[in-house]
Amino acid sequence: MSEYWLISAPVDKSNQQIWERMNTVTEKASLSNNFKFPIPELKVGTLDSLVGLSDELGKLDTFVEGIVKKLAQYTADIMEDSKEKAQENLLANGVDLHRYVTHFQWDMAKYPIKQSLQNISEVINKQISQIDTDLKSRAMMYNNTKGNLQNLERKAVSNYVSWQKTYESLSDMVVPRSTKMIIEDMEGALFTVTLFKKTVDEFKIRARENKFLVREFNYSEEELHAEKEEITRLSADKKQQYGPLLRWLKVNFSEAYIAWIHIKALRVFVESVLRYGLPVNFQAMLLQPNKKTMKRLRDVLNALFKHLDEVAAASTVDANMDIPGLNVSQQDYYAYVYFKIDIDLFNFK
């Protein structure tokens, strides 16, 4: 399962062993694999500021997740390999994505906790926006080279069998069996065809519709040589750009993924303070559900934490209810704080 549930519950005098209780009713029943999700003592600020920050973090979460997926997809695109192979090359701090999220540790160097939550959020936003901007420029340069190369290679490739079967019927007044090959190399061939002058325009249109390139042609050894040299040059340029681009993608994917998981930690912290109050005293936990028992796991968690919000626990059956003041639908709102993390960046089926 690539899906994780990041949840939190308060730790108080009557419920000191919340982690042990949750583990007992879920992991031992094979409902999920569970991991503690340590969050440092972040600066709380005012409750008013937390309310505004909650909405901002939700938007930032969506934005950064989009960039993470864009980086992953483009890595797969330039590798021209299977997405599974591409995902093997996408790491976070040198470890696979599963290990990073299940063994999460706050990065004090990147995101010092002496800063306000707002500042940390702004740092991440600026960092990921710059990655997005750089990706667009680097991708444009590589795609232009790749596209120009493909266009030249496409010009040089002709489907001989299809041409022989098709050319006589592309328009009226084509002389039967008049096509002849003039020149051939490893990349394609050039054919002539004889037809009446008044049907030339129609023939050209029909030929293009059938993926054949028609052009007025005066044989020139120099032009053919120049075109081959251009293909060679573009192919070399593509190879030269590939290595540095792939390395850049790996580095910046790691940075974006790390930032994304830190945003999840920020969201859990902010929502836990808003829901459970001060002083800050809650346990954040990461659950990897068993796909076959996800509904059962949700029911068990609802029963375990229903005392935190009796109304929410009682109304979970209504998946379409909107919760006033919160940017979530009922299907995302439970008696406990909950956020989903899905590390399947290619949406494998």
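Position 1 is the first residue of the sequence, and the numbers go up from there. Just so it is clear, the model here is predicted, and its values are computed rather than measured.
Between the K264 side chain and the K340 main chain, a donor and an acceptor come within less than 3.5 Å of each other. Side-chain atoms of Y257 come within 3.5 Å of backbone N or O of L97 as a donor-acceptor pair. Side-chain atoms of T293 never come within 3.5 Å of backbone atoms of R296 as a donor-acceptor pair (strictly under, hydrogens ignored). In terms of modelled atom types and a separation under 3.5 Å, the side chain of N143 and the main chain of A139 share a donor-acceptor contact. Of the possible polar contacts, none joining the K43 side chain to the Q115 backbone as a donor-acceptor pair under 3.5 Å is found. The backbone N or O of K250 lies less than 3.5 Å from no partner atom in the side chain of S254, so there is not a single donor-acceptor pair.
Shown are L6, N33, L301; of these, the side chain to side chain contact (heavy atoms under 4.5 Å, CB included) with L287 is made only by L301. For the pairing with M285, the side chain to side chain contact (heavy atoms under 4.5 Å, CB included) check across W19, F37, Y336, F35 returns one residue only, W19.
The CG atom of L286 sits 12.5 Å away from the OG atom of S8 when rounded to the nearest 0.5 Å. Rounded to the nearest 0.5 angstrom, N148 CG and N144 CG are separated by 6.5 Å. We find the CD1-CG distance between I67 and D132 to be 3.5 Å, quoted to the nearest 0.5 Å. Between the CG atom of L135 and the CZ atom of F253 there is a distance of 12.5 Å, given to the nearest 0.5 Å. Here CG of L274 is found 6.0 Å from OG of S54. Values are rounded to the nearest 0.5 Å. The distance from the CD atom of E88 to the NZ atom of K85 is 5.0 Å, given to the nearest 0.5 Å.
Closest of all the heavy-atom pairs between L71 and W248 is CD2-CZ3, 4.0 Å. Residues L195 and V174 approach most closely at CB-CA, 3.9 Å, considering heavy atoms. Considering every non-hydrogen atom in both V337 and F339, the closest pair reads CG1-CE1, 3.7 Å. Y167 approaches V175 most closely through the heavy-atom pair CE1-O, 4.2 Å. Between A256 and V64, the closest heavy-atom pair is O-CG1, 3.7 Å. Nearest heavy-atom pair, I131 versus N252, reported as atom, atom and distance to 0.1 Å: CG1-OD1, 3.4 Å.
Note on ring orientation: taking the six-membered ring where Trp is involved, the planes of Y74 and Y142 are perpendicular (angle over 60°, cut-offs 30° and 60°). H262 and F104 have perpendicular rings, their planes meeting at more than 60° on a 0 to 90° scale where under 30° would count as parallel.
Under the 3.5 Å distance criterion, with hydrogens and angles disregarded, a donor-acceptor pair is assigned to the side chains of T26 and N34. With no hydrogens or angles considered, a side-chain donor-acceptor pair links Q127 and E255 at under 3.5 Å. Using a 3.5 Å distance cut-off with no hydrogens or angles, the side chains of T46 and D48 do not pair a donor with an acceptor.
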_Intermediate values then yes/no, side chain to side chain donor-acceptor pair (under 3.5 Å), Y333 and D309_ = CA-CA 10 Å; Y333 186 83; D309 190 333; 3.1 Å; yes
*K69 and E65: salt bridge (charged side-chain N to carboxylate O under 4.0 Å, His left out), yes or no, with the steps?*
CA-CA 6 Å; K69 290 183 175 180; E65 180 181 4; 3.2 Å; yes
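Between E202 and R206, at least one side-chain nitrogen of the basic residue sits less than 4.0 Å from a carboxylate oxygen of the acidic one, meeting the salt-bridge criterion.
You'll find the side chain of M22 stays beyond 4.5 Å of the side chain of E27, heavy atoms only.
The list of side chain to side chain donor-acceptor pair (under 3.5 Å) pairs with a residue in residues 171-181, not counting sequence neighbours, reads W163-T179.
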Return all side-chain donor-acceptor pairs below 3.5 angstrom for residues 238-246, not counting sequence neighbours, or 'none' if the list is empty.
unit_1, atom_1, unit_2, atom_2, d
K238, NZ, E80, OE2, 3.3
Q241, NE2, T145, OG1, 3.1

